[in-house]
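Since the structure comes first, as C-alpha cells, the remarks are kept for the end.
Worth saying up front: this structure is predicted, and the values here are computed from it rather than measured. In listed order, ligands and their atoms are each counted from 1.
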Amino acid sequence: MTVIPTAFAPCKRKPATSTFYHDVVQGLTAPQKYLDPKYFYDAAGDVLFQQIMQCHEYYLTGCEMEILSSQSPQIAQALQMYAGSFDLVELGAGDATKSIHLLKQLLDNGVDYTYFPIDISVNVINQLEKNLPKQLPGLQLQGLNGEYFQALQQANQLTSRKKVILFMGANIGNFNVAAARNFCQQLRQYLQPGDLLLTGFDLKKHPQVILNAYNDATGITRAFNFNLLHRINRELGADFDTTRFEHFPTYDPGTGACKSYLISLEDQVVHIGDSTTITFAENEALYMEISQKYSLEETDQLAALTGFKPVARFFDRKHWFTDCLWKCI
Ligand code: AVJ
C-alpha cells in the first residue's frame, strides 16, 4: 500500500527557508531557548527512541504494553459497545507493538474496520505498511505520514464511519497542561459526538522513578536529546558541539511536569547555516521536552474541559499508567 503524505509533494527547499529551520531559529532566539520535541524523530531518533522504550528505567512502555496485551478483550468490548462500527485512527503510531494486540482482538471479534496509523516519521509509516499486514493477515491499513491534524483531516475524507482515536504511549505528555487542553479541544473539532478517544497517561508516582525514566544509566536518553542537535548540524548546516552541553532532566512532583534541558557548559556561539548566530551563556538552559504526569482527577478534568466524557479506564498492575476511554459529547 502507498503512504499518503499529508503535506504537498516534498519540494526541495533550501534549509534557510524550511519549516524546520524556521522553528529551530524561533526556538533558539526566544528568551527561554527551546526546541520542539517533534523534531527528535528523524531516522536516528526513531532508533534511539526504540532503545529508550527497551530501557528498564523507562517503565511507560512496559506498563502500557501490559495493559494492551492483557486487557485487549475488555478494551475491544468497550469500543464495540460504545461505538458500534468504526474505523481506528492512531496518532503517533510508532511501531504499533502495543496497539497490535487491540488490532488483533478486533479482527478476532470479526469487526470490519480500517486502521489509519498516523506518524510524523515517514520511516515509521513505511515500516508499518511493510510489516503489519504480515503479522495481521486481513488487516485493512492506510498509513498517513504527517502532523496529527493534517492527517486526521485526510482520514476524515477517506472514511465516513464513526472514529476511534488511539493516542497512546503518553504522547499527550509532550504538551504542558494548557497545551494539552488546547490539543484535546482541537482534536474534538475533528470528531463527531459518539466518536471515541483512547488516551494513554503516565500517572504521578514516586518522583525518583519518574526522574530515572528520563535519565537512564546507559545514557540513551541523553543521546536521544543530543541527536536533535546533530540533526540540526546535519540538516541546517549548524555547528553544535554536544560535548559543550549537559543533559539535565528534572521532575516537579508538585505540578507533575517532567522537563528535560540541555545546559550549556560554557559561554559559546553556535552558527546555523551562514546567516544565523546563537549565543549561549555558561549554564544557560535549552528546554527540550516536557513529559507531563497526571493524577486520575486531572485526566477527568481534562476530558470535562474539552468536550469528552470519560467512560472507562484501564490500568497496569502497579497503576503507574492508564489508558482512558473518552466519548465525544
Ligand atoms: C514519546 C513523548 C511519550 O515523554 O515519555 C522518552 C518521549 N523522551 N524519553 C515521553 C521521551 C525521553 C516520550 N513520549
Side-chain angles (χ1 to χ4, degrees), residues 34-42 44-68 90-99 117-121 123-125 147-148 165-177 179-180 183-184 187 198-231 242 245-252 255-262 286-294 299 302 316 320-324:
Y34 68 91
L35 292 170
D36 186 329
K38 78 179 177 196
Y39 291 119
F40 282 137
Y41 304 94
D42 66 348
D46 287 344
V47 171
L48 287 163
F49 187 60
Q50 297 279 347
Q51 292 173 359
I52 287 175
M53 290 193 289
Q54 280 161 26
C55 285
H56 78 269
E57 291 99 331
Y58 194 74
Y59 58 84
L60 290 78
T61 310
C63 289
E64 197 176 36
M65 186 59 119
E66 183 194 320
I67 296 173
L68 270 292
E90 181 160 15
L91 308 180
D95 60 6
T97 47
K98 286 169 286 190
S99 35
I118 296 175
D119 206 281
I120 189 73
S121 165
N123 311 302
V124 157
I125 293 294
E147 303 266 342
Y148 293 151
I165 309 291
L166 301 181
F167 190 39
M168 304 200 301
N171 283 324
I172 199 165
N174 256 175
F175 299 117
N176 66 35
V177 172
F183 174 80
C184 289
L187 176 60
L198 187 71
T199 327
F201 291 94
D202 192 21
L203 296 171
K204 289 178 172 171
K205 60 186 64 62
H206 194 288
Q208 196 62 54
V209 173
I210 291 175
L211 201 51
N212 292 348
Y214 295 87
N215 199 22
D216 62 282
T218 35
I220 295 164
T221 308
R222 180 193 307 117
F224 179 67
N225 279 267
F226 283 162
N227 178 60
L228 180 44
L229 302 190
H230 290 306
R231 179 180 183 183
T242 54
F245 290 88
E246 181 183 317
H247 173 232
F248 194 82
T250 68
Y251 177 62
D252 177 350
T255 61
C258 178
K259 294 184 181 177
S260 285
Y261 297 91
L262 294 178
L286 168 54
Y287 173 37
M288 300 294 282
E289 178 175 46
I290 185 166
S291 302
Q292 179 67 38
K293 310 307 173 191
Y294 284 82
T299 68
L302 181 59
D316 60 300
W320 278 6
F321 198 98
T322 185
D323 281 309
C324 294

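Taking the centre of each ring, F201 and F167 stay at or above the 6.0 Å mark. For F226 and F245, the gap between ring centers reaches or exceeds 6.0 Å.
Listed by chain and number, the residues in a side-chain contact (heavy atoms from CB on, under 4.5 Å) with D95 are Q50, T97 (sequence neighbours excluded).
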Pick out the protein N or O atoms lying less than 3.5 Å from any N or O of ligand 1, and list each pair with its distance.
unit_1, atom_1, unit_2, atom_2, d
ligand 1, 4 (O), S291, OG, 2.5
ligand 1, 5 (O), Y58, OH, 2.5
ligand 1, 5 (O), Y214, OH, 2.5
ligand 1, 8 (N), E289, OE1, 2.7
ligand 1, 8 (N), E289, OE2, 3.3

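Separating the NZ atom in K293 from the CD1 atom in I210 is a distance of 6.0 Å, to the nearest 0.5 Å.
In the model, N215 has no side-chain atom that pairs as donor or acceptor with a side-chain atom of E57 under 3.5 Å.
The closest donor-acceptor contact from the side chain of N171 to the backbone of M168 lies under 3.5 Å.
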